[in-house]
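Proteins get letters first, then strands, A, B, ... in listed order; numbering begins at 1 in each. Because the structure is predicted, anything quoted here is derived from the model rather than measured.
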Amino acid sequence: MSENPFISYLDNTSIFKKDRDILRASYIPDELPHRDSQISAIAQILYPSLKGQRASNLMIFGKTGTGKTAVAKYMKKEIEEAIEMAKLDIDLHYIYINCEISDTNYGVLQNIGNRFIKDFDSRIPHTGLSKERVYNMLFENLDDKKRVVIVVLDELDKLVYKSGDDVLYDLLKINDELKNSKVSLIGISNDLKFSELLDTRVKSRFGEEKMVFPPYNAGQLKDILKQRTEIAFAEDVIDDSVLGLCAALAAREHGDARRALDLLRVAAELAERGHEPRITEKHVKAAKNQIEMDCVSEAIRTLPQHSKLILMGIIMNEMRGRGSLTTGELYTIYVDLSRKSGNTPLTQRRITDLISELDMLGIIRASVVSFGRGGRTKKIESAVPPESTRALLLEDPQLEILKDYRIKVQRTLSI
DNA sequence: TGTCCACTGGAAGGGAGGGCTT
DNA sequence: AAGCCCTCCCTTCCAGTGGACA
């Protein structure tokens, strides 16, 4: 009988001392290194809510992985702790909402409203009601007793870009109508420019307080990693220089702490899988490659069917040794691929949107070019390795039929 | 300088699918 | 059951555009 396949992993417990989730950005440690000044500034803004008053609204800006979300979640823990310690008689609700998930005005109101509705059957459904009705349900349940509510809207730019700022307007004016409760907003965005999209009434009310989180430098990232390492790892599994490498690689990408933590976690997992007692630079470099590959593969695998067909067209064209395509050429190929795979082709207008989405995801590169009298179009090429991408796309049962497909299309323009 | 090409990308609206209200 | 209202995905329509060419 062969050996149980799990045994070798059970033996090997040397790298992680505790739950490996400690090395995820979503884990909030007891202390956040290099964010003291931001934390005390926010505390200064929020402290009126401990006296039952409305705190000023706050906008937080900063790039990915600069600790905005971590600080926002950390403040929840701290403010609740403060209430408990001082034995304050106050019904404070600190509500965190990720607007990438609740990305419609309806969704945000529903999310907030349901926090105050205890009875499961009376909860606001995810669709079906008028916005006005949802607002009223939220209002009534919120104002049925004296409450202080702080709503954190993380990734607020995503919501505003997608659905406008109606919900902000509603939430800002709600204080004028509330008799018992008070609501303050904290908006978080990694896009400094997004506030230009806001209505002036919203902008002036929301912009009572503003704060920018600077990127971490390599030294600060190293401190963050060090802190997590001490909680997560057994002793002597990692050298200072290896931590430094993780920090340096992440610092190169605008000081992204999330990236640094991912690198370290994946490197640790690789070392563990290889039954090695220590994490080395080799593991960090391998982790870097793996993270990049995983991101892209996952994005491709979860693409909608028509986006996959478009990508397939681009890849097949490149594998024939051709360079980039124009929108028109790609559309012709796409229509053919759609028919061959039993899909009804979408219109060219819709395809231009899907092309832009693929470009934003970084899977392809598309730039607008003009050929004078030849017209204005997009120059489109892939940004992923053709062979492995093709294999990934062919995993889709609906696209499998395209395995032996050959492109036959005449070039209309030469790029 | 004006024309013209092959689009780009905004706006409006349709309809399917989901869910509540009367 | 009919009437609303929502989101999501899509189509239709069309004004606008950069730059080669006459």
Side-chain angles (χ1 to χ4, degrees), chain A residues 97-114 117 119-141 155 158-171 193-194 196-197 199 302-311 313-314 317 322-335 337-339 341-361 364-381 396 398 409-415:
Chain A
I97 295 175
N98 186 331
C99 298
E100 202 172 13
I101 298 163
S102 296
D103 65 352
T104 60
N105 293 319
Y106 184 102
V108 171
L109 291 178
Q110 180 220 15
N111 196 327
I112 302 171
N114 279 341
I117 301 176
D119 178 15
F120 190 82
D121 292 332
S122 332
R123 285 165 72 93
I124 306 171
H126 85 278
T127 173
L129 302 182
S130 70
K131 243 174 269 169
E132 203 184 343
R133 178 104 175 76
V134 177
Y135 178 84
N136 288 337
M137 285 170 86
L138 159 67
F139 185 91
E140 281 159 24
N141 285 288
E155 316 244 17
K158 302 265 164 52
L159 170 73
V160 174
Y161 276 121
K162 187 164 178 251
S163 312
D165 60 358
D166 287 0
V167 73
L168 296 181
Y169 184 71
D170 286 342
L171 290 174
K193 282 181 294 177
F194 108 98
E196 289 168 15
L197 294 176
D199 187 289
T302 53
L303 241 32
Q305 197 70 4
H306 290 279
S307 300
K308 283 186 180 170
L309 287 165
I310 295 167
L311 182 59
I314 299 168
N317 176 67
R322 303 296 181 97
S324 46
L325 288 161
T326 65
T327 304
E329 290 165 347
L330 178 56
Y331 185 66
T332 315
I333 297 172
Y334 155 79
V335 169
L337 285 170
S338 292
R339 298 225 167 94
S341 59
N343 289 283
T344 314
L346 304 176
T347 57
Q348 184 159 334
R349 176 67 188 86
R350 179 69 188 131
I351 295 311
T352 60
D353 280 343
L354 296 182
I355 290 171
S356 301
E357 276 173 30
L358 285 171
D359 184 26
M360 278 199 322
L361 285 170
I364 64 170
R365 274 186 294 269
S367 50
V368 179
V369 288
S370 175
F371 296 101
R373 278 215 156 166
R376 196 163 169 261
T377 179
K378 265 180 172 159
K379 182 184 166 201
I380 303 156
E381 55 199 8
D396 187 317
Q398 270 208 58
V409 80
Q410 278 151 25
R411 316 223 82 198
T412 48
L413 297 159
S414 54
I415 301 179

Rounded interatomic separation in angstrom, taking CD from A/Glu357 and C1' from C/dC10: 12 Å

Can you give me the N/O atom pairs linking the protein to nucleotides 20-22 of chain B at distances under 3.5 Å, or say none if there are none?
{"from": "B/dT21", "atom 1": "OP1", "to": "A/Arg133", "atom 2": "NH2", "distance (Å)": "2.9"}

Separation of C/dT11 P from A/Asp353 CG (nearest whole Å): 10 Å

Walk me through whether A/Ile333 and A/Ile314 qualify under side-chain contact (heavy atoms from CB on, under 4.5 Å). CA-CA 9 Å; A/Ile333 297 172; A/Ile314 299 168; over 6 Å; no

Are any non-hydrogen side-chain atoms of A/Leu361 and A/Leu303 less than 4.5 angstrom apart? yes

For the pair made of OH in A/Tyr106 and C1' in C/dC6, what is the distance, rounded to whole Å? 7 Å

Interatomic distance where OH belongs to A/Tyr331 and P belongs to B/dC7 [whole Å]: 12 Å

Considering only heavy atoms from C-beta outward, does the side chain of A/Ile310 approach that of A/Ile364 to under 4.5 Å? no

Closest to side chain of A/Ser356, choosing from B/dG9, C/dT11, B/dC7: B/dG9

Rounded to whole Å, CG of A/Leu330 lies from P of B/dC7 at a distance of 10 Å

Which one, C/dT7, B/dA6, B/dC4, comes nearest to the side chain of A/Arg376? B/dA6

Side chains of A/Thr352 and A/Lys378: is there a donor and an acceptor less than 3.5 Å apart? no

Value for CD1 (A/Ile380) from CG (A/Leu358), rounded to nearest 0.5 Å, stands at 9.5 Å

The nucleotide from C/dT12, C/dC9, C/dA22 with an atom nearest the side chain of A/Arg373 is C/dA22

Among A/Val134, A/Asn111, A/Val167, A/Asp166, side chain to side chain contact (heavy atoms under 4.5 Å, CB included) partner for A/Tyr106: A/Val134

Can you see if the side chain of A/Lys378 gets near the phosphate of B/dA6 - specifically, an N or O under 4.0 Å from OP1 or OP2? no

Atom CG in A/Leu311, atom CG in A/Leu337: separation rounded to 0.5 Å? 11.0 Å

Using whole Å, report how far CG of A/Asn105 lies from P of C/dT7. 8 Å

With a 3.5 Å cut-off and just heavy-atom distances, do the side chain of A/Arg349 and the base of B/dT8 make a donor-acceptor pair? no

In whole angstroms, the gap separating P of B/dC7 from CZ of A/Arg350 amounts to 19 Å

Is there, by distance only and without an angle test, a donor paired with an acceptor across the side chain of A/Ser370 and the base of C/dG19 below 3.5 Å? no

At under 4.0 Å, does any side-chain N or O of A/Thr352 touch on OP1 or OP2 of B/dG9? no

Round to the nearest Å and state the distance from A/Asp166 atom CG to C/dC6 atom P. 11 Å

